[in-house]
Enquirer: 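Here it is, the structure in full.
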Amino acid sequence: MENQTVLDMVMLSGLSDVPSLQLPLFLVFLLVYLMTLTGNLLIVHLICTDSHLQTPMYFFLGTLACLDMNSSLVTTPQLLFDLYTERKTISLQDCITQSYFFLFFAVSECFLLAVMSYDRYVAICRPLHYTQIMHWKTCVLLVSGVLTFGIIIPLVHALLLLRLTFCSSSPLQSFFCDLPQLLKISCSDTSINVLLIILFGILFGFCVFGTTFCPYIIILNTVMKMQSKAMRSKAFSTCSSHLTVVFIFYGTIYFNYLRPNISGDFILDRVASVFYAVLTPLLNPLIYSLRNQELKSSLKRTLHGLLCLKKNTST
């Protein structure tokens, strides 16, 4: 540790070092941020106010929207602030805190996607027992379990980060404090941290990821046996939306955390972090709303009610 300065501030590389790109990038990501908040808030509002959507499936979808919205709140304001001020620094304590909350929402979403798969399995394969199995107490317990895992797993990583010493002056190749990037600027032994990332990756790969996808083998077999074309179309629409979200989420997460570490591969690091930290929370409400007829019908009813109210007040 001789001749090494212990850091209390961390440098972020941001998205671009070109000054002329700072304002255009700021405007683009401000628009993405506002669309993310609007889309997820709209889904939560529709689910809370429309009695047709107050079912277990939409309860889980509303929880997913809340996770996406708060995940965006953890990372995107930092990006916008750095683009606007070009400061690109953050204290080490704030950096570890940001890393914890980002992991909390990411891990919670992993487990929630598995719960949503189980919900679709029960709804399609055991429809007569659906209300008995997926009653509200069970739904609340499942979401509570999701959030508990979301608290514990990132806490382990955060506590191990607090044991490390950070002395590298190299900036994080990201616009926020991502765990793999933090380990790269540590001058301590990070083998335990890396081992935990691999172990939790295996846990998600074989348990959570398997729990998410295995029900769809049975669901597909059940859907193919349905006599009604309308029922098959509705089941495929719901399941395809969920699977699309799963593939996007897991693909970007595994690309960032478990791909081989290639020295100097900074562009891929930044693209991956932007995709899963900024774009995924925006894509989820778009995917569900565009493919879900009930959500679109609820939105039409809400807009119609607002138009009627506006006409009544104007007259």
Enquirer: Do L73 and Y33 make a side-chain contact, defined as non-hydrogen atoms from C-beta onward lying under 4.5 Å apart?
Expert: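 The answer is yes; the side chains approach within 4.5 Å.
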Enquirer: Return the minimal non-hydrogen interatomic distance between V32 and L282, and the atom names on each side.
Expert: CG1-CD2, 3.9 Å
Enquirer: Determine whether F29 and L80 make a side-chain contact, defined as any pair of heavy atoms from C-beta on separated by less than 4.5 Å.
Expert: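 Sidechains of L80 and F29: in contact.
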Enquirer: Under 30°, 30 to 60°, or over 60°: which ring-plane class applies to Y100 and F104, parallel, tilted or perpendicular?
Expert: parallel
Enquirer: Take a 6.0 Å sphere around NE2 of H135 and say whether it holds more than 12 heavy atoms from other residues, nucleotides or ligands.
Expert: yes
Enquirer: Do S72 side-chain atoms and D68 backbone N/O form a donor-acceptor pair below 3.5 Å?
Expert: no
Enquirer: Would you sort out whether L172 and K184 count as a side-chain contact (heavy atoms from CB on, under 4.5 Å), showing the intermediate values?
Expert: CA-CA 8 Å; L172 301 185; K184 290 180 182 179; over 6 Å; no
Enquirer: Between the main-chain N or O of F213 and the side-chain N or O of S117, is there a donor-acceptor pair closer than 3.5 Å?
Expert: no
Enquirer: Using the rule given for side-chain contact (heavy atoms from CB on, under 4.5 Å), can you reason through L31 versus L27, listing the C-alpha separation, both sets of side-chain angles and the distance that settles it, and then say yes or no?
Expert: CA-CA 6 Å; L31 178 62; L27 295 175; over 6 Å; no
Enquirer: Could you report the tightest heavy-atom contact between F149 and V107, atom names first, then the distance?
Expert: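 Taking F149 first and V107 second, the nearest heavy atoms are O-CG1, 3.8 Å.
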Enquirer: Look at the side chain of S186 and the backbone N and O of L182, then say whether any donor-acceptor pair between them is shorter than 3.5 Å.
Expert: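 The answer is no, because no donor-acceptor pair under 3.5 Å joins these two groups.
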Enquirer: Measure the CD-CD distance between Q93 and Q98 for me, rounded to the nearest 0.5 Å.
Expert: 13.5 Å
Enquirer: Between L161 and F166, is any pair of side-chain heavy atoms under 4.5 Å apart?
Expert: yes
Enquirer: Here's a test for you: under side-chain contact (heavy atoms from CB on, under 4.5 Å), which of F111, F59, F60 qualifies with L142?
Expert: F60
Enquirer: Quick check: does any side chain N or O of D119 sit under 3.5 Å from a backbone N or O of M134, one acting as donor and the other as acceptor?
Expert: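 No; judged by distance alone, with no hydrogens or angles, the pair does not exist.
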Enquirer: Any sub-3.5 Å donor-acceptor pair from T211's side-chain atoms to C207's backbone N or O?
Expert: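 Yes, the answer is positive, given that a donor and an acceptor are paired below the 3.5 Å cut-off.
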Enquirer: Please determine whether residues M35 and L79 belong to a single hydrophobic cluster, defined as Ile, Leu, Val, Met, Phe, Trp and Tyr linked transitively by side-chain heavy-atom distances below 4.5 Å.
Expert: yes
Enquirer: How long is the gap from SG on C177 to CG on L103, to the nearest 0.5 Å?
Expert: 11.0 Å
Enquirer: Classify the angle between the aromatic ring planes of Y276 and F102 as parallel (below 30°), tilted (30 to 60°) or perpendicular (above 60°).
Expert: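 Y276 and F102: tilted rings.
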Enquirer: Drop me the distance from L195's CG to F200's CZ, to the nearest 0.5 angstrom.
Expert: 10.0 Å
Enquirer: Find out whether L295 and L61 are in side-chain contact, i.e. whether some heavy atom of one side chain is under 4.5 Å from a heavy atom of the other.
Expert: yes
Enquirer: To check you understand the geometry: which heavy-atom pair defines the closest contact between Q54 and I47, and what is its length?
Expert: CG-O, 3.4 Å
Enquirer: Could you tell me whether the side chain of V278 reaches within less than 4.5 Å of the side chain of F176, counting heavy atoms only?
Expert: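 No. Closest side-chain heavy atoms not under 4.5 Å.
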Enquirer: Would you check, one step at a time, whether the test side-chain contact (heavy atoms from CB on, under 4.5 Å) holds for F105 with V74?
Expert: CA-CA 9 Å; F105 292 116; V74 170; 3.6 Å; yes
Enquirer: Is there a path from L162 to V156 through hydrophobic residues (I, L, V, M, F, W, Y) whose side chains come within less than 4.5 Å of each other?
Expert: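 Same cluster: L162 reaches V156 through Ile, Leu, Val, Met, Phe, Trp or Tyr contacts under 4.5 Å.
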Enquirer: Of all the heavy-atom pairs spanning L12 and S174, show the shortest one and how long it is.
Expert: CB-O, 3.8 Å
Enquirer: Which atom names give the shortest non-hydrogen contact between P127 and A123, and what distance separates them?
Expert: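 In terms of heavy atoms, the two residues are closest at CB-O, 3.5 Å.
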Enquirer: For the CZ atom on R163, are there more than 12 heavy atoms of other groups (residues, nucleotides or ligands in this structure) within a distance under 6.0 Å?
Expert: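 No, because the 6.0 Å sphere around CZ of R163 holds 12 heavy atoms or fewer from other groups.
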Enquirer: Would you say I152 and L155 are hydrophobically clustered, going by side-chain heavy atoms of ILVMFWY under 4.5 Å?
Expert: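 In one cluster: no.
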Enquirer: Quick check against the 3.5 Å criterion: does T36 have a side-chain atom that pairs as donor or acceptor with the backbone of M69?
Expert: no
Enquirer: Are more than 12 heavy atoms, taken from residues, nucleotides or ligands other than I192, located less than 6.0 Å from that residue's CD1 atom?
Expert: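 No.
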Enquirer: Do L183 and I197 come within less than 4.5 Å of each other through their side chains, counting heavy atoms only?
Expert: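 With C-beta onward as the side chain, the pair touches.
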Enquirer: Return yes if some donor-acceptor pair links the side-chain N/O of E109 with the main-chain N/O of L64 below 3.5 Å, else return no.
Expert: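 Side chain of E109 to backbone of L64, a donor-acceptor pair under 3.5 Å: no, none is there.
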Enquirer: Treating D178 as the side-chain partner and P180 as the backbone partner, does any N or O pair qualify as donor plus acceptor under 3.5 Å?
Expert: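 Absent.
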Enquirer: Say you draw a straight line from OG of S108 to CG of L67; how long is it, rounded to the nearest 0.5 Å?
Expert: 5.5 Å
Enquirer: So I248 and I287, do their side chains get closer than 4.5 Å, heavy atoms only?
Expert: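 Of all side-chain heavy-atom pairs linking I248 with I287, at least one is under 4.5 Å.
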Enquirer: Do N40 and C66 have side-chain heavy atoms sitting under 4.5 Å apart?
Expert: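 Side chain of N40 against side chain of C66, heavy atoms only: no contact under 4.5 Å found.
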Enquirer: Could you state the interatomic distance from CZ (R126) to CD1 (I133), rounded to the nearest 0.5 Å?
Expert: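 One finds 4.0 Å between CZ of R126 and CD1 of I133.
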Enquirer: Identify whether L164 and M11 are in the same connected component of the hydrophobic contact network (ILVMFWY, side-chain heavy atoms under 4.5 Å).
Expert: no
Enquirer: Going by atom types alone, do D82 and Q78 pair a side-chain donor with an acceptor below 3.5 Å?
Expert: yes
Enquirer: Between Y121 and P215, what is the shortest heavy-atom contact and its length?
Expert: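 Smallest heavy-atom distance, with atoms named: CB-CB, 3.8 Å.
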Enquirer: Indicate if W136 and V44 have the same hydrophobic cluster label, given that clusters are the connected sets of ILVMFWY residues with side-chain heavy-atom separations under 4.5 angstrom.
Expert: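 Different clusters.
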Enquirer: Classify the ring geometry between F26 and Y84 as parallel (under 30°), tilted (30 to 60°) or perpendicular (over 60°).
Expert: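 F26 and Y84: tilted rings.
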Enquirer: Could you tell me whether the side chain of S99 and the main chain of C95 form a donor-acceptor pair under 3.5 Å?
Expert: no
Enquirer: Where do V208 and L113 land on the side-chain contact (heavy atoms from CB on, under 4.5 Å) test, with the steps shown first?
Expert: CA-CA 9 Å; V208 183; L113 291 173; over 6 Å; no
Enquirer: So, taking the atom named CG in L30 and the one named CG in L25, what distance separates them when rounded to the nearest 0.5 Å?
Expert: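 Taking CG in L30 and CG in L25, the distance rounds to 12.0 Å.
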Enquirer: Can you tell me if Y130 has over 12 outside heavy atoms packed within less than 6.0 Å of its OH?
Expert: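 Yes, enclosed.
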Enquirer: Whether the side chain of T190 engages the backbone of N193 through a donor-acceptor N/O pair (distance < 3.5 Å, no angle test) should be reported.
Expert: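 Answer holds: no.
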